[in-house]
Amino acid sequence: MLNKTFTFLYPNAPYKILGAGRTDAKVSSLDGAFELFVEEPILDFDIFLQDFNKNLPSDIRLLGMESVDNNFNIIKDSKTKEYHYFFSFGSKNHPFSAPFITNYLDVLDLDVMKEGASMFAGRHDFSVYTASLKPNAITVREIETCTIVPNDILTANFFPEQSYVLKIVGKGFMRYQIRMIMGALVQLGKYELTLDDIRDSLITGSTHKLNTIAPGSGLILSKLEFNN
């Protein structure tokens with residue numbers, strides 16, 4: 001949509017857009033970023049933002065822009081990404097909350113899920129936490145923090161009385177990595193997996209097969225920080 005909008009507004013202007021990362025379908029972003037390369041300088045950022053937002057669909061809004069030097073690379077200079085996965089369990093939610101909070105009808109053991117979440121923090125081999133593992137993929141990655149806390153971030157009068165959020169902070173994540181971590185934690189909460197299973201799944205050469213991918217609609221890219 002960014003490419004289409006720029007082409008519509010400036011049909012004869014050469015440009016390139018490079019995103020800070022990709023998200024799966026139905027995954028939202030509160031703090032996304034992209035790098036725009038143009039041959040002619042943009043003279044008025046306010047007018048550019050106004051025109052761009054006027055022509056973007058209603059589910060995308062540009063919040064601001066600034067100039068960067070030639071040494072900046074939006075992918076390589078990404079320092080940390082913080083993702084939030086919102087969920088509830090135990091009873092059926094109001095349908096209006098479906099795009100924001102994943103609803104599990106099973107009663108989950110939240111305490112063991114919290115303990116399991118803490119095991120993902122640190123440097124581990126996440127080979128089993130991605131789909132379609134590509135040759136030469138970097139599977140050993142570091143997660144700075146991984147916690148489950150009550151949801152006090154998203155609120156609405158149709159949300160369940162109690163909901164929770166899995167918070168994960170790291171430099172970068174593989175395809176489906178966070179959704180598969182969430183899926184494993186839900187299996188843990190159902191007693192379909194044990195804490196030993198989680199521990200073993202993070203060891204290089206693990207033979208664990210994890211096939212539960214949490215829905216995309218509960219996941220939000222919440223914060224993006226850069227080195228420069």
Side-chain angles (χ1 to χ4, degrees), residues 1-86 99-100 126-127 129-144 153-154 167-182 213-228:
M1 291 309 304
L2 295 173
N3 283 319
K4 288 181 179 179
T5 302
F6 190 93
T7 301
F8 175 75
L9 289 172
Y10 307 98
N12 300 315
Y15 77 99
K16 180 179 179 180
I17 288 177
L18 186 63
R22 297 183 178 185
T23 55
D24 303 327
K26 296 185 179 181
V27 175
S28 299
S29 173
L30 292 178
D31 196 21
F34 67 92
E35 193 170 5
L36 172 65
F37 300 86
V38 290
E39 293 185 357
E40 297 295 329
I42 297 172
L43 301 179
D44 192 317
F45 287 179
D46 291 335
I47 292 178
F48 179 89
L49 287 171
Q50 182 178 357
D51 290 343
F52 222 88
N53 279 322
K54 186 185 298 183
N55 289 279
L56 281 171
S58 59
D59 60 348
I60 304 177
R61 179 178 60 161
L62 298 191
L63 301 177
M65 60 187 298
E66 60 183 275
S67 299
V68 294
D69 60 39
N70 292 331
N71 296 321
F72 178 78
N73 183 294
I74 199 166
I75 296 177
K76 293 182 179 179
D77 288 327
S78 176
K79 182 180 179 182
T80 58
K81 296 178 180 179
E82 180 172 343
Y83 281 90
H84 293 168
Y85 196 99
F86 296 87
F100 312 102
F126 289 94
S127 297
Y129 290 91
T130 184
S132 304
L133 187 62
K134 297 180 180 179
N136 303 319
I138 300 174
T139 59
V140 177
R141 305 201 176 206
E142 184 171 0
I143 291 180
E144 294 184 13
I153 302 169
L154 295 183
K167 294 185 176 182
I168 300 184
V169 179
K171 180 175 175 57
F173 300 91
M174 296 180 291
R175 186 185 184 194
Y176 295 156
Q177 182 178 343
I178 296 174
R179 291 169 61 189
M180 290 185 75
I181 288 174
M182 183 65 205
I213 302 176
S217 54
L219 184 58
I220 292 178
L221 172 58
S222 177
K223 190 175 183 180
L224 185 61
E225 292 186 346
F226 296 98
N227 291 318
N228 297 326

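Residue numbers run from 1 in the order of the sequence given.
In this structure, Ser222 and His84 approach most closely via the heavy-atom pair OG-CE1, 3.2 Å. Contact detail for Ile74 and Ala20: the closest heavy-atom pair is CG1-CB, 3.9 Å. Between Phe226 and Phe72, the shortest heavy-atom contact is CD2-CZ, 3.9 Å. Of all heavy-atom pairs spanning Tyr85 and Leu219, the tightest one is CD1-CB, 3.7 Å. The shortest non-hydrogen separation linking Met180 to Ala131 is SD-N, 4.1 Å.
Of the inter-residue distances, the one linking Leu221 atom CG with Ile178 atom CD1 reads 8.5 Å to the nearest 0.5 angstrom. Taking CG from Asn73 and CG from Leu18, the interatomic distance works out to 6.5 Å, rounded to the nearest 0.5 Å. Interatomic distance, Phe48 CZ to Leu36 CG, rounded to the nearest 0.5 Å: 5.5 Å. Here the CZ atom belonging to Phe86 is positioned 8.0 Å from the NZ atom belonging to Lys167, to the nearest 0.5 angstrom. Residue Leu154 holds its CG atom at 7.5 Å from CG of Leu30, rounded to the nearest 0.5 Å. Ile168 contributes atom CD1, which lies 4.5 Å from atom CD1 of Ile181 (distance to the nearest 0.5 angstrom).
Residues satisfying the salt bridge (charged side-chain N to carboxylate O under 4.0 Å, His left out) criterion with Lys26, sequence neighbours excluded, are absent altogether. Residues passing the ring pair (Phe, Tyr, Trp, His ring centres under 6.0 Å) test with Tyr83 are Phe173, sequence neighbours excluded. In this structure Tyr176 satisfies the ring pair (Phe, Tyr, Trp, His ring centres under 6.0 Å) test with no other residue, sequence neighbours excluded. Judged as a side chain to side chain contact (heavy atoms under 4.5 Å, CB included), and not counting sequence neighbours, the contacts of Val169 are Thr80, Glu82, Glu144, Thr145. Not counting sequence neighbours, Phe45 has no partner by the ring pair (Phe, Tyr, Trp, His ring centres under 6.0 Å) test. Under the side chain to side chain donor-acceptor pair (under 3.5 Å) criterion, Gln177 pairs with no residue, sequence neighbours left out. Applying the salt bridge (charged side-chain N to carboxylate O under 4.0 Å, His left out) rule to Glu142 yields no partners; only residues at least two apart in sequence or on another chain are considered. With sequence neighbours excluded, the residues forming a side chain to side chain donor-acceptor pair (under 3.5 Å) with Lys223 are Glu225, listed by chain and number. For Thr139, the side chain to side chain donor-acceptor pair (under 3.5 Å) partners are Asp125, Ser127, not counting sequence neighbours.
Applying the side chain to side chain donor-acceptor pair (under 3.5 Å) test to every pair with at least one member in residues 32-48, sequence neighbours left out, gives no pairs at all. Residue pairs satisfying the side chain to side chain donor-acceptor pair (under 3.5 Å) criterion with at least one member in residues 7-18, sequence neighbours excluded, are listed as follows: Asn3-Tyr15, Thr7-Tyr15.
Side chain of Arg175 to main chain of Thr130: no donor-acceptor pair is present (N/O by atom type, distance under 3.5 Å, no hydrogens or angles). Looking at Asp31, its side chain does come within 3.5 Å of a backbone N or O of Leu224 through a donor-acceptor pair.
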Could you give the side-chain donor-acceptor pairs of residues 55-68 under 3.5 Å, partners two or more places apart or in another chain?
residue	atom	partner	partner atom	Å
Asn55	ND2	Asp51	O	2.8

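No more than 12 heavy-atom neighbours from other residues, nucleotides or ligands sit within 6.0 angstrom of CZ on Phe8.
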Point to revise | side-chain contact (heavy atoms from CB on, under 4.5 Å) evaluation trace for Ile220 with Phe100 | key: CA-CA 9 Å; Ile220 292 178; Phe100 312 102; 5.8 Å; no
